[in-house]
J.: 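My questions all concern the structure below.
Only this structure's heavy atoms are used, side chains among them; waters, hydrogens and symmetry mates stay out. Atoms within a ligand are numbered from 1 in the order they appear, just like the ligands themselves.
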Amino acid sequence: MSGASGVSAGSYDPATTTAGGLSGELARLEAQAELSFDEELRVLRDVGVPAPLLELGAGSGAITRRLRAALPDLPIVAADIDTALLAHAADARVPLMGCDAVRLPLADGVVGTVLLRYVLQHVADPAAVVAEALRVLRPGGRLVVIEVDSMLWGLADPMYPELAGVHGRMAGAQRQAGGDRLIGRKLTRILRRAGFREVVLRPFATTNDDRPTEAFAPHMGPERLAPLVASGALSLPELALAADRWRRFRADPDAWVMLLGLVVAGTAPGGPAESERSTS
Ligand SMILES: C[S@@+](CC[C@H](N)C(=O)[O-])C[C@H]1O[C@@H](n2cnc3c(N)ncnc32)[C@H](O)[C@@H]1O
């Protein structure tokens with residue numbers, strides 16, 4: 001699928017990801033980052049982010065801007081295959097690099113951390129991206145992957161079993177476009193097979209106990225499903241059903257939602273921690 005620059009960004013096309021075209025998607029990426037960044041940052045601090053950080057598939061910079069504000073001393077470079085989308089990250093005031101994640105214009109071993117947030121679910125060959133990340137990481141450097149698994153998206157109460165097929169259709173459409181919304185369950189194995197050490201899984205949860213229910217709209221609202229009607233993957237009555245259940249959910253003062261995200265981190269072999277351990 002082609003992004004705003006006409007380049008292939010795998011199953012991701014910002015013009016058709018949500019209702020409202022590109023501007024709708026820019027708003028969705030921003031709202032999505034706003035919703036869970038605090039939890040993600042807590043996990044990032046926990047697993048460690050050695051400098052410099054390469055944010056690969058940074059998109060419009062929704063996370064870049066927040067990382068820059070939260071970790072002002074950390075040098076960051078933002079990269080993406082879609083240079084038109086990446087141009088929206090200019091106000092993050094970090095160097096921007098237009099490139100394909102499988103062919104980075106960087107020498108071996110020059111990066112401290114590679115961050116891949118919601119990128120691997122869109123690429124045809126996630127293992128190739130992870131291998132390229134390992135190539136540019138210095139020994140002891142960290143790869144941090146933030147992803148979802150569509151069968152582990154979270155919990156809602158009340159739940160609407162009648163929507164299961166609708167969400168399955170979204171995963172199916174992404175699969176047809178070459179992506180994989182079941183990537184979450186594969187990540188630790190992909191990183192280990194690539195040669196990463198100390199591979200850990202750190203799930204994080206975001207709930208409407210401490211966020212307004214409305215803030216979950218990027219994940220639960222019907223906007224994300226609207227383009228599927230245009231592509232024929234979803235019927236209009238199914239979209240109307242999803243919109244009605246979201247309206248009911250938002251109007252219910254007792255409704256509860258927990259969104260689950262997955263962070264998988266691994267360490268590039270040969271770093272100081274590893275050699276210290278092997279000599280002790
Ligand atoms: C869902 S967006 C996520 C953007 C950003 N990481 C965030 O969390 O807001 C996926 C991003 O991955 C980028 N992408 C997809 N395939 C890529 C590739 N082969 N090389 C570099 N970037 C890629 C897309 O252009 C898009 O910006």
J.: Hey, does Asp100 come in under 3.5 Å of ligand 1, counting only N/O atoms on both sides?
T.: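 Yes.
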
J.: If I compare all heavy atoms of Ala156 with all of Met220, which pair ends up nearest, and what's the gap?
T.: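 For Ala156 and Met220, the tightest heavy-atom pair comes out as CB-CE, 4.3 Å.
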
J.: Which bit of Arg117 is near ligand 1, meaning a heavy atom under 4.0 Å away: side chain, backbone, both or neither?
T.: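 Both backbone and side chain.
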
J.: Is the shortest side-chain N to carboxylate O distance from Arg142 to Glu198 below 4.0 Å?
T.: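 A salt bridge is absent here (no side-chain N lies under 4.0 Å from a carboxylate O).
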
J.: Compare all side-chain heavy atoms of Leu29 with those of Thr17 and state whether any distance is below 4.5 angstrom.
T.: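 SC-SC contact between Leu29 and Thr17 ruled out.
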
J.: What are the two closest non-hydrogen atoms of Gln32 and Tyr118, and how far apart are they?
T.: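 For Gln32 and Tyr118, the tightest heavy-atom pair comes out as OE1-CD1, 3.7 Å.
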
J.: Do Leu259 and Leu35 touch side chain to side chain, with heavy atoms closer than 4.5 Å?
T.: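 Yes, close enough: below the 4.5 Å cut-off.
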
J.: Taking a hydrophobic cluster as the set of Ile, Leu, Val, Met, Phe, Trp and Tyr residues connected by side-chain heavy atoms closer than 4.5 Å, whether directly or through intermediates, do Leu53 and Leu116 fall within one such cluster?
T.: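 Cluster IDs for Leu53 and Leu116 differ.
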
J.: Is it the side chain, the backbone, both or neither of Ser60 that has a heavy atom closer than 4.0 Å to ligand 1?
T.: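 Within the 4.0 Å criterion, Ser60 makes no contact with ligand 1.
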
J.: Need the ligand 1 atom indices (1-based, order shown) with element for anything under 4.0 Å from a heavy-atom of Val119.
T.: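 The atoms of ligand 1 under 4.0 Å from a heavy atom of Val119 are 12 (O).
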
J.: Do you know which of Leu201, Val145, Leu134 makes side chain to side chain contact (heavy atoms under 4.5 Å, CB included) with Leu191?
T.: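 Among Leu201, Val145, Leu134, the one meeting side chain to side chain contact (heavy atoms under 4.5 Å, CB included) with Leu191 is Val145.
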
J.: Tell me: protein heavy atom nearest atom 13 (C) of ligand 1, and distance?
T.: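 The closest heavy atom on the protein side is Asp80 OD2, 3.4 Å.
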
J.: Compare all side-chain heavy atoms of Gln121 with those of Asp180 and state whether any distance is below 4.5 angstrom.
T.: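 No, every pair of side-chain atoms sits at 4.5 Å or beyond.
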
J.: Can you name the atoms of ligand 1, numbered from 1 with element, that are less than 4.0 Å from a heavy atom of Ala9?
T.: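 Counting from 1, the qualifying ligand atoms are 15 (C), 16 (N), 24 (C), 25 (O).
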
J.: Considering only heavy atoms of Asp82, which atoms of ligand 1 have at least one such atom less than 4.0 Å away?
T.: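 Those of ligand 1 that fall under 4.0 Å from Asp82 are 25 (O).
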
J.: Using the rule that Ile, Leu, Val, Met, Phe, Trp and Tyr join whenever any side-chain heavy atoms are under 4.5 Å apart, tell me whether Leu54 and Ile146 fall into a single cluster.
T.: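 Shared cluster, no.
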
J.: For Ala101, counting its heavy atoms only, list the atoms of ligand 1 lying under 4.0 Å from any of them.
T.: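 Those of ligand 1 that fall under 4.0 Å from Ala101 are 18 (C), 19 (N), 20 (N), 21 (C).
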
J.: Taking 4.0 angstrom as the limit and counting only heavy atoms of Tyr118, give me the atoms of ligand 1 inside it, by number and element.
T.: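 Matching atoms, with element in brackets: 1 (C), 2 (S), 3 (C), 10 (C).
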
J.: State plainly whether one hydrophobic cluster holds both Val130 and Leu187, where clusters connect Ile, Leu, Val, Met, Phe, Trp and Tyr through side-chain heavy atoms under 4.5 angstrom apart.
T.: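 Linked within one cluster.
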
J.: Atoms of ligand 1 less than 4.0 Å from Cys99 heavy atoms?
T.: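 Those qualifying, in numeric order: 20 (N), 21 (C).
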
J.: Determine, considering heavy atoms only, which of Leu116, Leu26, Ile81, Leu115 sits nearest to atom 17 (C) of ligand 1.
T.: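 Of the listed residues, Ile81 has the closest heavy atom.
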
J.: With heavy atoms under 4.0 Å as the rule, classify the contact between Leu85 and ligand 1 as side chain, backbone, both or neither.
T.: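 The answer is the side chain.
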
J.: Looking only at heavy atoms, is any part of Ala79 under 4.0 Å from ligand 1, and if so is it the side chain, the backbone, or both, or is it neither?
T.: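 For Ala79, there is no contact with ligand 1 at all, from either part.
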
J.: Could you tell me whether Val123 approaches ligand 1 through its side chain, its backbone, both or neither, with non-hydrogen atoms closer than 4.0 Å?
T.: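 Under 4.0 Å from ligand 1, Val123 contributes side-chain atoms alone.
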
J.: In terms of residue, atom name and distance, what is the protein heavy atom nearest to atom 5 (C) of ligand 1?
T.: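 Checked against all protein heavy atoms, atom 5 (C) of ligand 1 sits closest to Gly57 O, 3.3 Å.
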
J.: Run the contact test for Ala33 against ligand 1 with a 4.0 Å cut-off on heavy atoms, strictly below, and give the result.
T.: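 Heavy atoms of Ala33 never come under 4.0 Å of ligand 1.
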
